[in-house]
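Report on one structure; see the data block that follows.
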Amino acid sequence: MEGGGVAEKQASYTYWVRETREDAAPLPVPRKLSADDISKQPQPNTLGSVWNQAGTWEERSLNSWASNRIKELLKSMDSLEFSNGKAYIDDVPKCSGDAFVVTVRNKKRVGYTYELTLKFNGEWLIQNEKKKIKGHLDIPEFSFGELEDLQIEVRLSEEKDLAAKDKMHICKDLRTFLIPIREKLMDFEQELKDR
C-alpha cells in the first residue's frame, strides 16, 4: 500500500454465489400447475370437522352413545355360579358420566368418567334353604385407562333374616362380578377408541 502498490483482495468464502459454474445444478424453472396437477396432490388427513382443517381443538360429546352402550354391554353379561348359589345382572339403573372425543393438533384422544349402579338378582342356599336375594352393585367413579383400579361395593336389599356370616359370604361371591364387569368395560373402551 505504501509505495503506490495495489493490494489485491481475494475472498476465501462467498455467501452467495454470483457466477454459475459448469458443475452446478441447473436453476429451477417455475411452472404453472394445472388443475390435473392439483388434483393429484395428496390431501392431508385431517380429523374432526370440515371447519377445523388445521385440527387445532375440537371436542365432541359421546354421552348418549356411551351410556347406552355401557348399559347394553353390562346387561349382556352371563349369570355367575357360586358354591352356594347364582346371581345375574337384572338392570343398570344408574349410568351417569361423560364420554368425549377430543381432536388436538390433528390427533384423536378419547376419555370418559362414569359411575354405575347395577341391580342384581340371585339365589343362595343358606342353612339348607334357598333364599332369593336382591341388591345393588355400586361402582364408584372410574375413568379411561383406570379399569385395573375398579372397585365394587355391594348393597343387599333384603338382609333382615341373614346372619352376618351369610351376608359376608354373599358379598364375597358378588364381588366376583368385578372381573366380567371389567372385561365388558374394556370392550367399551376399545369401541370408544375406534369411533
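In this chain, numbering begins with 1 at the start of the sequence shown. Basis for what follows: all heavy atoms, side chains included, without hydrogens, waters or symmetry-related copies.
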Among all residues two or more places apart in sequence or in another chain, which pass the salt bridge (charged side-chain N to carboxylate O under 4.0 Å, His left out) test with Lys132? Glu123
Would you please name every residue forming a salt bridge (charged side-chain N to carboxylate O under 4.0 Å, His left out) with Lys32, sequence neighbours left out? none
Taking only residues at least two apart or on different chains, which pairs with a member in residues 137-154 satisfy salt bridge (Lys or Arg N to Asp or Glu O under 4.0 Å)? Asp138-Arg155
Pairs in or reaching into residues 72-101: which pass salt bridge (Lys or Arg N to Asp or Glu O under 4.0 Å), with residues at least two apart or in two chains? Arg69-Glu72, Lys75-Asp91, Lys94-Glu115
Contacts of type ring pair (Phe, Tyr, Trp, His ring centres under 6.0 Å), residue Phe188, not counting sequence neighbours: Trp65, Tyr112
Go through the side-chain N and O atoms of Asp173 and Trp124 and say whether any donor and acceptor fall under 3.5 Å apart. yes
How many angstroms lie between [atom1] in [X] and [atom2] in [Y], if you round to the nearest 0.5 Å?
X: Asp187; Y: Ile70; atom1: CG; atom2: CD1; value: 12.0 Å
X: Lys108; Y: Thr103; atom1: NZ; atom2: OG1; value: 8.5 Å
X: Phe177; Y: Ile89; atom1: CZ; atom2: CD1; value: 4.5 Å

Could you tell me whether a side-chain N or O of Ser34 sits under 3.5 Å from a main-chain N or O of Asp37, the two making a donor and an acceptor? yes
Going by the rule side-chain hydrogen bond (donor to acceptor under 3.5 Å, both in side chains), which residues pair with [X] if we only count those two or more places apart in sequence or in a different chain?
X: Ser61; answer: Asn63
X: Ser64; answer: none
X: Lys172; answer: none
X: Thr176; answer: none

Linking I/L/V/M/F/W/Y whenever their side-chain heavy atoms sit closer than 4.5 Å, directly or via other members, would Phe120 and Ile179 fall into one cluster? no
Among the clusters formed by ILVMFWY side chains lying less than 4.5 Å apart, do Leu74 and Met186 turn up in the same one? yes
Linking directly or through intermediates, with side-chain heavy atoms under 4.5 Å: list the remaining ILVMFWY members grouped with Trp57, chain and number order. Phe100, Val102, Val104
Under 4.5 Å between side-chain heavy atoms, chaining through other members, with only Ile, Leu, Val, Met, Phe, Trp and Tyr counted: pull out the rest of the cluster around Ile38, sorted by chain and number. Leu33
Does the pair Ile139 and Gln151 meet the rule for a side chain to side chain contact (heavy atoms under 4.5 Å, CB included), with working shown? CA-CA 6 Å; Ile139 301 173; Gln151 295 180 357; over 6 Å; no
What residues form a side chain to side chain contact (heavy atoms under 4.5 Å, CB included) with Leu178, not counting sequence neighbours? Leu150, Ile152, Arg182
Is there a side chain to side chain contact (heavy atoms under 4.5 Å, CB included) between Lys131 and Glu129? Walk through the geometry before answering. CA-CA 6 Å; Lys131 292 197 177 193; Glu129 183 182 333; 4.0 Å; yes
